[in-house]
Amino acid sequence: AVQPVDALHEGDHDPLVVTLCADLSACAEDRLRQLAAVLEVLIEQSDAKAQDKLEDVLAKVEDALEKLEDGDRKGAVGAIEGAAGDLEAAVRKGDAPFGIGTILLNEMGMIARLLAVDAIEEAKARGGSASKIGQSERQLARGDERLAQDRFKEAVARYKTAVSEAEGA
């Protein structure tokens, strides 16, 4: 039987939206595209000095997209690492807004993390070396620690190592 909606409690909570992703690399690719689109808008709204810095970041994000489309996860994470380093420097020097810069840096970290988890899951599925998979999982955890501390470039570097270890497993 269908229960009537209780108008008093109808708005007590926000709906939870969960996106399930069977292909983590495809999700990472989608998120990179969204990141590039946000960077393009940010570039349009910035002064000339900030535009130069943000265009460098965008070029590296686009490079990451190309590498990912070619199946080069490690190369993609390396390009994200470069983008994160450039954006961290721009935020630190005041050439990019702190708030949106931090959000974009966190997104870069999360995209790199998705790629690391994907590599680890693939290594497990193909019966890769347990030792290498363990090393990869430790690098993933270290990346998570760095990301939680807002040490974005360092986090992405750990995720890149995790990808490398997993792909070599």
Requested in this report: Taking only Lys NZ, Arg NE, NH1 and NH2, and the carboxylate oxygens of Asp or Glu, determine whether Asp56 and Lys60 approach each other closer than 4.0 Å.
Outcome: no
Report task. Among Gln139, Gln135, Arg138, Arg142, find the one that has a side-chain contact (heavy atoms from CB on, under 4.5 Å) with Thr161. Result -> Gln139
Query - Closest non-hydrogen atom pair, Val61 against Ala83 - result: CG2-CB, 4.0 Å
Query raised in the report: Is Lys160 paired with Glu81 through a side-chain N to carboxylate O contact shorter than 4.0 Å?
Result: yes
Requested in this report: Step by step, work out the salt bridge (charged side-chain N to carboxylate O under 4.0 Å, His left out) result for Glu29 and Arg33.
Outcome: CA-CA 6 Å; Glu29 193 173 317; Arg33 280 195 181 84; 3.0 Å; yes
Query raised in the report: Under 3.5 Å, side chain of Tyr159 to main-chain N/O of Asp144, donor-acceptor pair present?
Result: yes
Report summary line: Rounded to the nearest 0.5 Å, the OG1 atom of Thr102 sits from the CG atom of Leu105 at a distance of 6.0 Å
**Report entry** Sidechain-backbone polar pair: Arg158 side chain, Glu154 backbone, donor-acceptor under 3.5 Å
**Finding:** no
Query raised in the report: Does Val38 belong to the same Ile/Leu/Val/Met/Phe/Trp/Tyr cluster as Phe98, with side-chain heavy atoms less than 4.5 Å apart forming each link?
Result: yes
Report summary line: Here the gap from Ile133 atom CD1 to Leu140 atom CG, rounded to the nearest 0.5 Å, amounts to 13.0 Å
Query raised in the report: What is the minimum heavy-atom distance between Ala64 and Ile80, and which atoms define it?
Result: CB-CG1, 3.8 Å
Query - Pairing of Lys74 and Glu167 as salt bridge, 4.0 angstrom limit - result: no
Report summary line: CD (Glu121) and CG (Leu24) are apart, to the nearest 0.5 Å, by 7.5 Å
Report summary line: Correct closest heavy-atom pair for Gly101 and Leu87 would be O-CD2, 3.8 Å
Query raised in the report: Given side chains that start at C-beta, do those of Asp118 and Cys27 come closer than 4.5 Å, heavy atoms only?
Result: no
Query raised in the report: Can you name the nearest heavy-atom pair linking Ala123 to Ala166, along with the distance?
Result: CB-O, 3.4 Å
Report summary line: Rounded to the nearest 0.5 angstrom, the NZ-CG distance for Lys67 and Leu115 is 13.5 Å
Query raised in the report: Counting distance only, does the side-chain N/O of Asp47 pair as donor-acceptor with the main-chain N or O of Lys49 below 3.5 Å?
Result: yes
Query - Ser136 (side chain) donor-acceptor with Lys132 (main chain) under 3.5 angstrom - result: no
**Report entry** Beyond-backbone contact of Val57 with Lys53, side-chain heavy atoms, under 4.5 angstrom
**Finding:** no
Report summary line: Between the CD1 atom in Ile120 and the CD atom in Glu165, the distance rounded to the nearest 0.5 Å is 10.0 Å
**Report entry** Heavy-atom pair with the smallest gap, counting every atom of Leu147 and Gly109
**Finding:** CD1-CA, 3.9 Å
Query raised in the report: Does Phe152 offer a backbone N or O that forms a donor-acceptor pair with the side chain of Glu88 under 3.5 Å?
Result: yes
Report summary line: Looking only at heavy atoms, the pair that brings Val156 and Met108 closest together is CG2-O, 4.2 Å
**Report entry** Pairwise distance CG(Leu58) to CG(Leu35) - rounded to 0.5 angstrom
**Finding:** 8.5 Å
